[in-house]
Amino acid sequence: MQIDLNDSTQFTREAVRQLIAQADGAVHNQLRVTQAGIAFISTVVGGQDIDGLAFRLETWAAGSGCVGPVAASDEVWVQQIFNALQQNFPNPPYDYIDVY
């Protein structure tokens with residue numbers, strides 16, 4: 001799943017919830033945003049394959065509870081991720097965001 005941050009009908013809290021819910025918490029994950037504004041969760045993490053990205057959030061370690069259905073049910077967490085996307089696109093201050 002991906003979210004087009006340029007499209008207000010796609011970029012909603014519910015879409016962020018679904019994005020978080022569909023990710024596998026048993027592996028490392030990283031929320032990434034392309035320069036075109038497409039947000040997605042990647043299992044390629046860290047500084048690997050970052051060409052074309054506007055920014056990425058810190059890596060969420062396997063088993064940390066940051067993704068999956070339980071994480072998606074946490075209203076505060078979903079809002080925090082929604083806000084991070086909203087505040088950093090289209091002009092992120094850095095290409096790596098670890099405070100949000």
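These numbers come from the heavy atoms of this one structure, side chains and all, not from hydrogens, waters or symmetry mates.
Listed by chain and residue number, Asp4, Thr9, Gln10 satisfy the side chain to side chain contact (heavy atoms under 4.5 Å, CB included) test with Asp7 (two or more places apart in sequence, or in another chain).
Note on residues 84-100: no pairs pass salt bridge (charged side-chain N to carboxylate O under 4.0 Å, His left out), not counting sequence neighbours. Annotation: ring pair (Phe, Tyr, Trp, His ring centres under 6.0 Å) contacts involving residues 30-87, sequence neighbours excluded, comprise Phe11-Phe82, Trp60-Trp77. For residues 40-67, no residue pair satisfies the salt bridge (charged side-chain N to carboxylate O under 4.0 Å, His left out) rule, not counting sequence neighbours. For residues 59-84, the set of pairs meeting the salt bridge (charged side-chain N to carboxylate O under 4.0 Å, His left out) definition, not counting sequence neighbours, comprises Arg17-Glu75.
In plain terms, the two heavy atoms of Asn88 and Pro93 that are nearest each other are OD1-CD, 3.2 Å. Minimum interatomic distance between Ala15 and Thr12 (heavy atoms only, all atoms of both residues): N-OG1, 3.0 Å.
Tyr94 and Leu53 fall into different hydrophobic clusters, where Ile, Leu, Val, Met, Phe, Trp and Tyr side chains are chained together by heavy-atom contacts under 4.5 Å. Cluster membership for Ile81 and Phe89, using ILVMFWY side-chain heavy atoms within less than 4.5 angstrom, is shared. Both Val16 and Met1 are members of a single hydrophobic cluster when ILVMFWY side chains are connected at heavy-atom separations under 4.5 Å. Tracing side-chain contacts under 4.5 Å through hydrophobic residues (I, L, V, M, F, W, Y), one reaches Ile3 starting from Ile97; they form part of the same cluster.
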Stepwise side-chain contact (heavy atoms from CB on, under 4.5 Å) test for Ile38 and Val33: CA-CA 5 Å; Ile38 304 301; Val33 177; over 6 Å; no

Quick one: side chains of residues 20-31, donor-acceptor pairs under 3.5 Å with protein atoms, not counting sequence neighbours, listed by atom name and distance.
residue	atom	partner	partner atom	Å
Gln22	NE2	Leu19	O	3.0
Asp24	OD1	Ala26	N	2.9
His28	ND1	Ala62	N	2.8
Asn29	ND2	Asp24	O	2.9
Asn29	ND2	Val27	O	2.8
Gln30	OE1	Arg32	NE	2.8
Gln30	OE1	Arg32	NH2	2.9
Gln30	NE2	Leu57	O	3.0
Gln30	NE2	Thr59	OG1	3.4

